[in-house]
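Structure first, then comments.
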Amino acid sequence: MTALKITDPYVHGYSDSESRRLGDQADTLAELLHSGTAYPAGSRVLEVGCGVGAQTVHLVESSPGARIVAVDVAEASLARARASVTARHPDALVSWHRADLRELPFADATFDHLFVCFVLEHLAAPSVALSGLRRLLRPGGSITVIEGDHGSAFFHPDSADARAVIDCQVRLQRADGGNALIGRELYPLLESAGYQRVRVRPRTVYADAGRPELVEGFTRNTFIAMIESVRERALAENLTDSETWARGVADLHRTTDPTGTFHYTFTKAHAHAP
Ligand SMILES: C[S@@+](CC[C@H](N)C(=O)[O-])C[C@H]1O[C@@H](n2cnc3c(N)ncnc32)[C@H](O)[C@@H]1O
């Protein structure tokens, strides 16, 4: 057993609804998360943990001339990724590889840029992962890391029950060896993994009735859907009871009412190989 493991079971799973959730998340947040990320034509970009290609589509659109290599450990996700990216961009310069990010089959300094989005949160040893990935970058090459942090969620109307159901997700992910609060740790993680010139820029998504596309695409279809997906496990592991759970989820949905608001902050970090 190595020090670094993919969470098992993977807290979000690989279901159709999870694929849709990742797609909603990526499309709704594309501007917020991808602004400032564009790679020059001809540059070699590695996307680590591409999943169903939800972010790959936006990498292709922002950097049409870059040569993207997308890897994921899940074969089924890779197949979906290839199909969905090819459908939207038939000429996309993407190659797909099934591989574990702990042992990627690429020579040292193969890439100019690494892109890692919503992957570290699922790893038991993210610092080890980041150190291992560094060898793939040419000297001076860049890494971009994007993660969430469920501790950054606050909302109106506030509700202790809603906060408790969010905490169920955090505890389940921690039990799997992951960390749903990892956004706040990106700076020290990148520093300790040997990257230089680390810059972290928080990116807040804020949804109210004046931004119905964010209420639908983020609050409801991304965040609340993610929390609702762990109901069975939360009950099975006695983290909550069905009444408290129902109240908490109902209160989360109240934040999508015309008088509700929802805030969540993603962390986007950029750094360089020595
Ligand atoms: C939450 S998904 C994010 C997918 C994509 N980056 C996005 O933002 O939509 C996390 C992905 O990381 C992949 N993953 C987790 N551990 C991995 C590992 N050790 N090696 C390669 N991929 C891994 C999972 O299979 C999953 O597709």
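Each ligand, and each atom within it, is numbered from 1 in the order the structure gives.
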Heteroatom proximity flag, Leu101 to ligand 1, N/O under 3.5 Å: yes
For ligand 1, which is the ligand I care about here, please tell me if His122 has any N or O atom under 3.5 Å from one of the ligand's N or O atoms. no
Pairing of Arg254 and Asp251 as salt bridge, 4.0 angstrom limit: yes
Any donor-acceptor pair under 3.5 Å from Lys268 side chain to Thr144 backbone: no
Based purely on interatomic distance, does Asp72 place a nitrogen or oxygen under 3.5 Å from a nitrogen or oxygen of ligand 1? yes
If the contact criterion is a heavy-atom separation under 4.0 Å, does Ala129 count as touching ligand 1? no
What atoms in ligand 1 come closer than 4.0 Å to a heavy atom of Gln55? 7 (C), 8 (O), 9 (O)
Tabulate below the donor-acceptor pairs under 3.5 Å that side-chain atoms of residues 82-90 make, not counting sequence neighbours, or state none.
unit_1: Thr86; atom_1: OG1; unit_2: Arg82; atom_2: O; d: 2.6
unit_1: His89; atom_1: NE2; unit_2: Glu61; atom_2: OE2; d: 2.7

Going by the atom numbers of ligand 1, which of them fall below 4.0 Å from some non-hydrogen atom of Gly51? 4 (C), 27 (O)
Please state which part of Leu123 comes within less than 4.0 Å of ligand 1, counting heavy atoms only: side chain, backbone, both or neither. side chain
Any chance the rings of Phe115 and His58 have centres within less than 6.0 Å? no
Report yes if Gly49 has an N/O atom closer than 3.5 Å to an N/O atom of ligand 1; otherwise report no. yes
Is there a polar contact between ligand 1 and Phe118, counting only N or O atoms under 3.5 Å apart? no
So do the side chains of Val170 and Leu181 get within less than 4.5 Å of each other, counting heavy atoms only? yes
Taking only Lys NZ, Arg NE, NH1 and NH2, and the carboxylate oxygens of Asp or Glu, determine whether Arg233 and Asp176 approach each other closer than 4.0 Å. yes
Regarding ligand 1, does Arg102 bring an N or O atom to under 3.5 Å of one of the ligand's N or O atoms? no
Please answer whether the main-chain N or O of Arg44 pairs with a side-chain N or O of Asp112 as donor and acceptor at a distance below 3.5 Å. yes
Just to verify, what does Tyr264 make a ring pair (Phe, Tyr, Trp, His ring centres under 6.0 Å) with, not counting sequence neighbours? His150, Phe218, Phe223, Phe266
Which of the numbered atoms in ligand 1 are under 4.0 angstrom from any heavy atom belonging to Cys117? 3 (C), 5 (C), 6 (N), 8 (O)
If we number the atoms of ligand 1 from 1 as shown, the ones under 4.0 Å from a heavy atom of Ala54 are 9 (O)
Is it the side chain, the backbone, both or neither of Ser77 that has a heavy atom closer than 4.0 Å to ligand 1? neither
Could you check which of Val71, Asp100, Val73 puts a non-hydrogen atom nearest to atom 23 (C) of ligand 1? Val73
